[in-house]
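Accompanying notes for the structure given below.
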Amino acid sequence: MPPDEPPCAPAPPPRPGPARQAAEPLAWWTALLAVYLALVPAISPTEITVGALTAAVGAAAAVAARRVLLTTGTARPPGSGREPAAGRDASRRPVAPVRLLPPLARLPAQIVADTARITVGGATGGHWTTPAAPPGPAGRGAATLLMSTSPGTYVGGVDPERGLLRVHRLTGPSPFERSLRRAGLIDDPPAQGPREGGPR
């Protein structure tokens, strides 16, 4: 019998061709330019030039944000010496973008509620908490962005080695935060993580 051979690592997915890579920024640029020209009172060569440049900047930012926040690959080469973030189970997978739809649908109402609460009661007080984010930069980026979008919460620090977020919130867990937990974007920290506490 032939000697056992080590299992081969799965081949990486093929990179999209140049035409497909250019399609996304071109689509963003076209949409942003159309919106810009729809908002100006009169279309002129100057407005078209300014709109084209502004749309190019916005398209580049949109593509970069999409790649950072929605990339799902987090595999590391074998023997890299890096354990999964926060020592969590290696079988935990990144959060699929479709699972963020329920939290995003709840976000506008949460922004209105937090804004009204801050307007009436002020933004003083609150407490710090330490949730865990999914593995990989995409999960940490999405968790940081969404946890800071609502006026009632703010991510004040990130521990990328352990996958922990340092979050200040004015009240207890909001419906939006509970929705993020159900989606798997944030979770309770491991037992060895920092305890809750901090300035009040």
Side-chain angles (χ1 to χ4, degrees), residues 24 28 31-32 34-36 38-39 54-72 74 85-86 88 92-191 193-200:
E24 182 183 2
W28 278 111
L32 293 174
V35 171
Y36 180 91
L39 296 177
T54 304
V57 174
V63 171
R66 194 274 306 166
R67 289 176 179 173
V68 169
L69 298 179
L70 300 184
T71 298
T72 58
T74 59
R88 306 190 67 79
R92 186 182 179 196
R93 295 290 182 262
V95 178
V98 69
R99 297 191 64 185
L100 299 181
L101 294 180
L104 290 176
R106 187 182 291 275
L107 180 58
Q110 189 64 48
I111 291 176
V112 172
D114 285 350
T115 302
R117 184 180 298 110
I118 292 172
T119 301
V120 174
T124 58
H127 64 281
W128 290 89
T129 185
T130 309
R140 290 195 302 270
T144 300
L145 176 64
L146 291 176
M147 287 293 290
S148 297
T149 300
S150 175
T153 56
Y154 175 75
V155 177
V158 179
D159 184 345
E161 292 298 324
R162 293 182 292 173
L164 300 178
L165 305 178
R166 186 73 169 158
V167 178
H168 184 267
R169 59 189 183 195
L170 294 178
T171 62
S174 65
F176 177 66
E177 183 176 339
R178 290 193 292 269
S179 182
L180 291 179
R181 286 182 178 273
R182 287 192 296 270
L185 195 66
I186 59 173
D187 200 354
D188 292 326
R195 294 180 301 176
E196 292 191 6
R200 294 180 179 272

Locate the shortest heavy-atom distance separating [X] from [Y]; write the atom from each residue and the value.
| X | Y | value |
| --- | --- | --- |
| Ala133 | Gly139 | CB-O, 4.4 Å |
| Pro189 | Ala132 | CA-CB, 4.2 Å |
| Leu32 | Ala59 | CD1-N, 3.5 Å |

With distance as the sole test, does [X] use its side chain to make a donor-acceptor pair with the main-chain N or O of [Y] at under 3.5 Å?
| X | Y | value |
| --- | --- | --- |
| Thr153 | Arg169 | no |
| Arg99 | Arg182 | yes |
| Thr119 | Thr115 | yes |

Kindly compute the distance separating [atom1] ([X]) from [atom2] ([Y]), expressed to the nearest 0.5 Å.
| X | Y | atom1 | atom2 | answer |
| --- | --- | --- | --- | --- |
| Leu146 | Leu100 | CG | CG | 6.5 Å |
| Thr129 | His168 | OG1 | NE2 | 11.0 Å |
| Arg140 | Ile186 | CZ | CD1 | 15.5 Å |
| Arg178 | Arg106 | CZ | CZ | 7.5 Å |

- Message: Is the shortest side-chain heavy-atom distance between Ile111 and Phe176 below 4.5 Å?
- Response: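 Sidechains of Phe176 and Ile111: no contact.
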- Query: Do Leu170 and Asp114 come within less than 4.5 Å of each other through their side chains, counting heavy atoms only?
  - Reply: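 SC-SC contact between Leu170 and Asp114 ruled out.
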- Task: Decide side chain to side chain contact (heavy atoms under 4.5 Å, CB included) for Thr144 and Leu165; before the verdict, give the C-alpha distance in whole Å, the side-chain angles of both, and the deciding distance to 0.1 Å.
- Result: CA-CA 7 Å; Thr144 300; Leu165 305 178; 3.6 Å; yes
- Of Met147, His127, Glu177, which meets side-chain contact (heavy atoms from CB on, under 4.5 Å) against Val167?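 Only one of Met147, His127, Glu177 forms a side-chain contact (heavy atoms from CB on, under 4.5 Å) with Val167, namely Met147.
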